[in-house]
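Take a look at the structure below.
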Amino acid sequence: MIKMKLLDNRFTVLKKIRELEEKLEVLPKAYLKEFAVEVVANSPVDTGTYMDNHHVGEVGTSESSHGKPHNQPYQTHADAAIERLFREIDAIPKDTTRYYISNSANHAWKVEYDDGYNVYTQARAKAQILLDEAKRKVGL
């Protein structure tokens, strides 16, 4: 005699869909954090003004490096920048669909293009690698 067993996988499928939705919900912020780390890693520090003016979301007020001491320690400003950027990313509302990362220092254009650091250009060039890393970290 043949025995048949009927399986109801609806709850298992729904659970998997919810898990996927949760991962997709945190992916944008995970990606922004990867991007922020890359931007900071490529940023120069002299007075610290450029590093201190990276922002995610709303652009902050612009700041000048005029009169600030030169040859500031890189790691001090990098650590503070990462911490600040992560706080800004975590504060982005869930329903946000457009994200901005920029630098509001008065001399940001000069650092990026005239001085040839290409901080944002380098980060954009690694966008897919950074996205893949963010996906790995959230389990996708």
Would you give the length of the straight line joining atom [atom1] of [X] to atom [atom2] of [Y], rounded to the nearest 0.5 angstrom?
X    : Y    : atom1 : atom2 : result
E112 : Y117 : CD    : OH    : 12.0 Å
Y50  : S43  : OH    : OG    : 5.0 Å
K33  : D90  : NZ    : CG    : 3.5 Å
E21  : L14  : CD    : CG    : 9.5 Å
M51  : T76  : CE    : OG1   : 10.0 Å
F86  : L32  : CZ    : CG    : 10.0 Å

**Message:** Looking only at side-chain N and O atoms, does S102 offer a donor or acceptor that is under 3.5 Å from a partner on H55?
**Reply:** no
**Message:** Do Q122 and N118 pair up side chain to side chain, a donor and an acceptor below 3.5 Å, judged on atom types alone?
**Reply:** no
**I129-F35 co-clustered via ILVMFWY side chain contacts under 4.5 Å** = no
**Prompt:** Transitively linked via ILVMFWY side-chain contacts under 4.5 Å: V111 with W109?
**Reply:** no
Taking all non-hydrogen atoms of both residues, which atom of [X] and which atom of [Y] are closest, and how far apart?
X    : Y   : value
Y99  : P28 : OH-CB, 3.4 Å
P73  : V45 : O-CG1, 4.1 Å
E88  : V56 : OE1-N, 2.7 Å
A123 : V39 : CB-CG2, 3.8 Å
I89  : K29 : O-CE, 3.3 Å
T49  : N53 : O-ND2, 2.7 Å

**Message:** If the threshold is 4.0 Å, N to carboxylate O, is there a salt bridge linking E34 and K137?
**Reply:** yes
**Short N-O contact, R18 and E22, less than 4.0 angstrom** = no
**K23 (side chain) donor-acceptor with V138 (main chain) under 3.5 angstrom** = no
**Asked** Is it true that H54 and Y120 have ring centroids separated by less than 6.0 Å?
**Response** yes
**Request:** Report yes if some heavy atom in the side chain of V40 is under 4.5 Å from a heavy atom in the side chain of V119; otherwise report no.
**Result:** no
**Partner residues of R136 under the side-chain contact (heavy atoms from CB on, under 4.5 Å) criterion, sequence neighbours left out** = E133
